[in-house]
Amino acid sequence: MNTTAKMALGVNIDHIAVLREARRINDPDPLDALSICKRAGADQITIHLREDRRHINDFDAQKIMFNSALPVNLECSIDPEIISIICALRPHRATLVPEKREEVTTEGGLDVISHLEKIKKAVAQLKAHDISVSLFIDPDEAIIEASSKLDIDMVELHTGRYANIYAMLNTPLSTTHHSLVEFERPRSELTKMLADSLEQIKDVAYFAHQKGLLVAAGHGLNYQNVEAIRDINVIKELNIGQSIIARSVFTGLEKAIRDMKELLK
Ligand code: PXP
């Protein structure tokens, strides 16, 4: 295994805007994170311009695009109105994600098979504006197969299920958390589920790599569960938000990012 390959870290700074929107004021400003992310060794800024603008808004996105010294990965839905905004912003990359208004966070991957025509259209529009395109998808070979036929550059594998099973096994308090109830099982079963879920991410990552796609991963990754994902050699980028911003409340953002970078070595 090539252990020297560099794993890139994209920091999802949306969570800073989540805190700001809790008060609907202008503090903290995600813009202030840009120079800290750069100094701490992050490789990319990741933001999600949601249709409901519940955290990052259009003005944030414009300011971040204008001021970021790091490449910006803009996550967005396939809604034509949003795609036109992304084309005007011209980020380094657009990551297409599914969106449901009622969800707390992106719950599953993009259903490339059911929404093929809409996705094709969005991809064509983004590529015409020289924007690299990634699809945020579940680790599923059939979805990779369908994705590989599109004019995309990358897939980002959804690690949320792996992270939830990991949390259920390792964080006793989380057993009461509503989002984890579906994983309430005996430990032996959870241990097997965790191994299977990791194996699935690994197999699908290699499959995507063989299909010529760059492979990223993200969602629910933290300082405890990231190492097994880091060790999947063909995954070249992780996008991590919640755990880094949560830790930053106690350690400061720069240290929180440096700690994560250290784990990714
Ligand atoms: N990648 C994508 C496509 C996402 O939608 C998110 C959630 O904002 C992340 C990565 C980061 O997830 P988390 O905040 O759980 O680290």
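Order of listing sets the numbers, starting from 1, for every ligand and every atom in it.
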Quick one: which ligand 1 atoms are inside 4.0 Å of a heavy atom on Gly220?
-> 12 (O), 13 (P), 15 (O), 16 (O)
Are any of the heavy atoms in His158 under 4.0 Å away from ligand 1?
-> no
Please identify which atoms of ligand 1 are closer than 4.0 Å to at least one heavy atom of Val97.
-> 3 (C)
Subset of ligand 1 atoms that lie under 4.0 Å from at least one heavy atom of Gln242 | 13 (P), 14 (O), 16 (O)
Side chain to side chain, His115 and Ile78, heavy atoms closer than 4.5 Å = yes
For ligand 1, is Ser243 a contact, meaning one of its heavy atoms is under 4.0 Å away?
-> no
Does some side-chain heavy atom of Leu126 sit less than 4.5 Å from a side-chain heavy atom of Cys87?
-> yes
Under-4.0 Å heavy-atom contact with ligand 1, by part of Glu75 that carries it = side chain
So Lys211 and Glu145, side chain to side chain contact (heavy atoms under 4.5 Å, CB included) or not? Walk me through it.
-> CA-CA 8 Å; Lys211 292 271 173 195; Glu145 189 68 56; 3.1 Å; yes
If we only count N/O pairs under 3.5 Å, is Gly241 in contact with ligand 1?
-> yes
Can you figure out which of Asn12, Leu238, Thr95 has its heavy atom closest to atom 6 (C) of ligand 1?
-> Asn12
Mind checking whether Ile143 and Met154 sit in one hydrophobic cluster, side chains of I, L, V, M, F, W, Y counted as touching below 4.5 Å?
-> no
Parallel, tilted or perpendicular, as decided by the 30° and 60° cut-offs, for the rings of Tyr166 and Tyr162 = tilted
Subset of ligand 1 atoms that lie under 4.0 Å from at least one heavy atom of Asn239 | 10 (C), 11 (C)
Are side-chain N/O atoms of Glu156 and Asn239 paired as donor and acceptor at under 3.5 Å?
-> yes
For Glu156, take its heavy atoms, then give the atoms of ligand 1 lying under 4.0 Å from any of them.
-> 1 (N), 2 (C), 3 (C), 10 (C)
Side chain to side chain contact (heavy atoms under 4.5 Å, CB included) between Asp153 and Lys127, intermediate numbers included | CA-CA 10 Å; Asp153 306 279; Lys127 296 295 274 192; 2.7 Å; yes
